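Everything numeric here is computed off the predicted structure, so don't read it as measured data. In this chain, residues are counted from 1 in sequence order.
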Amino acid sequence: MDSKEYISTGMLELYAAGMLNENDSMEVEEIIKKNSEVKSEYENILKTVYLAASINLKVPSKSVKDSIISKIKNTSSTKDTRVKEIQMKRRNPTFRYLVAACVAFLILSLGTNFFLWTRLKDAKNEIAVLSDQKKVIVQENEAVNRKLNQASRDMEIMKDRSYKMIDLKGLEKSPGSNVLALWNPVTKKVYVEVLSLPVPPANKQYQLWAISNGKPVDGGVMDVDPADNSLHAMKNMEDAQAFAITLEPKGGSISPTMDQMYVMGKL
């Protein structure tokens, strides 16, 4: 079988489409290596396939694909069968181009699947980012709601006339300090609003004291946050004639450190 006759069998197109078994594929590969004319034709087939893929060939019709599949099924490894195929393919010169179209369609299909897979992956990443953003927004919204609720409660306390307001002014230790204390003689509840106090060291805390019958009574410790202007709930007080705040070791002291007194105010 000469080069032209072999080329007309369509074996090169089937090889390019990956439709041959292992033995036939090896045989085609050997012929391509040894025969320059067959090799040149095979390279032209590959160019045709790539060109068809680049211009987005339409999907072959069902009748065309059925015709190709039928021809593939009738392929045999015997020489007699190949002779019959040669005769059939000579009568159907468009066969090679149909196979090329099929291969192009396969390449386009794989490209489309890869594109869709990439888009799906990107979509999943976008969903993950949006989910994280949603969590942040929810947390921020909860924080805002807590501040609004706290502000609403503080407003109710400030409007409650049963509370006595005591202005604790800065002493020699810290003249610029200022704290507002609110004490309810009926409910015994105590709140303080820090208007101005230096931020304490990490190992220190401010402690509230009520002066009752000339003696200091522990009102509890508190942390100072310059950005927090809400009311701080302190320990209940049965009786008080004055309030003061000192800087104490973290956790508080049994008795006030007098030279660390920052503010004081009388009822």
Side-chain angles (χ1 to χ4, degrees), residues 128-267:
V129 171
L130 290 174
S131 179
D132 291 340
Q133 291 177 347
K134 179 182 177 182
K135 290 179 182 178
V136 172
I137 292 173
V138 169
Q139 291 173 353
E140 291 177 348
N141 186 57
E142 290 176 349
V144 170
N145 285 336
R146 284 195 296 270
K147 288 183 178 180
L148 288 174
N149 292 334
Q150 179 68 47
S152 178
R153 288 192 296 268
D154 291 352
M155 187 65 67
E156 291 298 321
I157 293 171
M158 297 289 284
K159 293 189 324 184
D160 190 342
R161 294 182 178 276
S162 60
Y163 279 91
K164 293 185 177 182
M165 296 186 182
I166 306 97
D167 186 18
L168 310 185
K169 297 185 180 297
L171 302 177
E172 182 180 355
K173 181 70 178 176
S174 181
S177 294
N178 190 203
V179 175
L180 179 66
L182 295 92
W183 175 54
N184 191 322
V186 179
T187 63
K188 312 302 181 184
K189 291 183 178 181
V190 178
Y191 294 91
V192 295
E193 179 185 3
V194 178
L195 302 176
S196 177
L197 272 179
V199 177
N203 61 341
K204 299 281 188 177
Q205 274 184 307
Y206 287 108
Q207 187 169 359
L208 177 69
W209 303 93
I211 310 301
S212 179
N213 297 322
K215 296 181 179 180
V217 180
D218 174 30
V221 295
M222 61 183 179
D223 294 314
V224 173
D225 180 358
D228 183 9
N229 58 357
S230 61
L231 295 180
H232 298 271
M234 308 303 290
K235 292 181 180 180
N236 289 359
M237 288 293 168
E238 290 294 330
D239 187 29
Q241 289 83 49
F243 286 95
I245 291 178
T246 60
L247 185 62
E248 304 291 345
K250 198 170 184 67
S253 301
I254 297 175
S255 58
T257 304
M258 300 306 295
D259 61 354
Q260 293 296 313
M261 187 173 292
Y262 278 65
V263 294
M264 184 175 181
K266 297 181 180 179
L267 275 74

- [ ] Might you point out which heavy atoms bring Val221 and Gly252 nearest each other, and give the distance in Å?
- [x] CG1-CA, 3.6 Å
- [ ] Taking atom CE of Met165 as the centre, report whether more than 12 heavy atoms of other residues, nucleotides or ligands fall under 6.0 Å from it.
- [x] yes
Open item on the list: Ignoring hydrogens and geometry beyond distance, is a side-chain donor-acceptor pair present between Thr257 and Glu248 at under 3.5 Å?
Closed with: yes
- [ ] Determine whether His232 and Val190 make a side-chain contact, defined as any pair of heavy atoms from C-beta on separated by less than 4.5 Å.
- [x] no
Task: Heavy-atom pair of closest approach, residues Val224 and Pro200 - done: CB-CD, 4.1 Å
Task: CG-CE distance between Asp228 and Met222, expressed to the nearest 0.5 angstrom - done: 11.0 Å
Task: Stepwise side-chain contact (heavy atoms from CB on, under 4.5 Å) test for Ser253 and Gln207 - done: CA-CA 8 Å; Ser253 301; Gln207 187 169 359; 4.0 Å; yes
Task: Flag, side chain of Asn141 to backbone of Ile137, donor-acceptor distance under 3.5 Å - done: no
Task: Leu247 and its side-chain contact (heavy atoms from CB on, under 4.5 Å) partner, picked from Lys173, Gln260, Met261 - done: Gln260
Open item on the list: Taking atom NZ as the centre, does Lys188 end up with more than 12 heavy-atom neighbours from other residues, nucleotides or ligands that are less than 6.0 angstrom away?
Closed with: yes
Open item on the list: With rounding to the nearest 0.5 angstrom, report the CD1 to CG distance, Ile211 to Asp239.
Closed with: 11.5 Å
Open item on the list: Using 0.5 Å steps for rounding, measure from the CE atom of Met234 to the CZ atom of Phe243.
Closed with: 10.0 Å
Open item on the list: Show, in sequence, the C-alpha distance, side-chain angles and deciding distance for Val192 and Leu208, and conclude whether the side-chain contact (heavy atoms from CB on, under 4.5 Å) test is met.
Closed with: CA-CA 9 Å; Val192 295; Leu208 177 69; 4.0 Å; yes
Task: Inter-residue atom distance Lys159.NZ - Ile157.CD1, 0.5 Å rounding - done: 12.0 Å
Open item on the list: Can you give me the closest heavy-atom contact between Asn229 and Glu193, atom names plus distance?
Closed with: O-OE2, 3.5 Å
Open item on the list: Quick check on side-chain contact (heavy atoms from CB on, under 4.5 Å): which of Ile166, Leu171, Leu168 does Met264 satisfy it with?
Closed with: Leu171
Task: Min side-chain heavy-atom separation Leu197-Val179 under 4.5 Å - done: yes
Open item on the list: Under the criterion side-chain hydrogen bond (donor to acceptor under 3.5 Å, both in side chains), I'd like the reasoning laid out for Asn184 against Ser162: C-alpha separation, chi angles, the key distance, then a yes or no.
Closed with: CA-CA 6 Å; Asn184 191 322; Ser162 60; 2.9 Å; yes
Open item on the list: Between Pro198 and Tyr262, is there a side-chain heavy-atom distance shorter than 4.5 Å?
Closed with: yes
Task: Side chain to side chain, Leu231 and Leu182, heavy atoms closer than 4.5 Å - done: yes
Open item on the list: Ignoring hydrogens, what is the shortest heavy-atom contact between Pro216 and Trp209? Give both atom names and the distance.
Closed with: CB-CE3, 4.1 Å
- [ ] Report yes if the side chains of Tyr206 and Val194 come closer than 4.5 Å at any heavy-atom pair, otherwise no.
- [x] no
- [ ] Heavy atoms only: give me the nearest Ser196-Gly176 pair and the separation to one decimal.
- [x] OG-O, 3.2 Å
Task: Lys204 atom NZ: more than 12 heavy-atom contacts under 6.0 Å - done: yes
- [ ] Give the minimum heavy-atom separation between Leu267 and Ala240, together with the two atoms involved.
- [x] CD2-O, 3.6 Å
Open item on the list: Under a plain distance cut-off of 3.5 Å, with no hydrogens placed, do Gln205 and Asn203 share a side-chain donor-acceptor pair?
Closed with: no
Task: Distance in Å, Asp225 CG paired with Ser230 OG, rounded so as to fall on 0.5 Å steps - done: 8.5 Å
TODO: May I ask you to decide whether Lys235 forms a salt bridge with Asp218, counting only side-chain N to carboxylate O separations under 4.0 Å?
DONE: yes
- [ ] Please round to the nearest 0.5 Å and tell me the distance separating atom OH of Tyr191 and atom CG of Asp160.
- [x] 10.0 Å
Task: Side-chain heavy atoms of Lys189 within contact of Trp183, under 4.5 Å - done: no
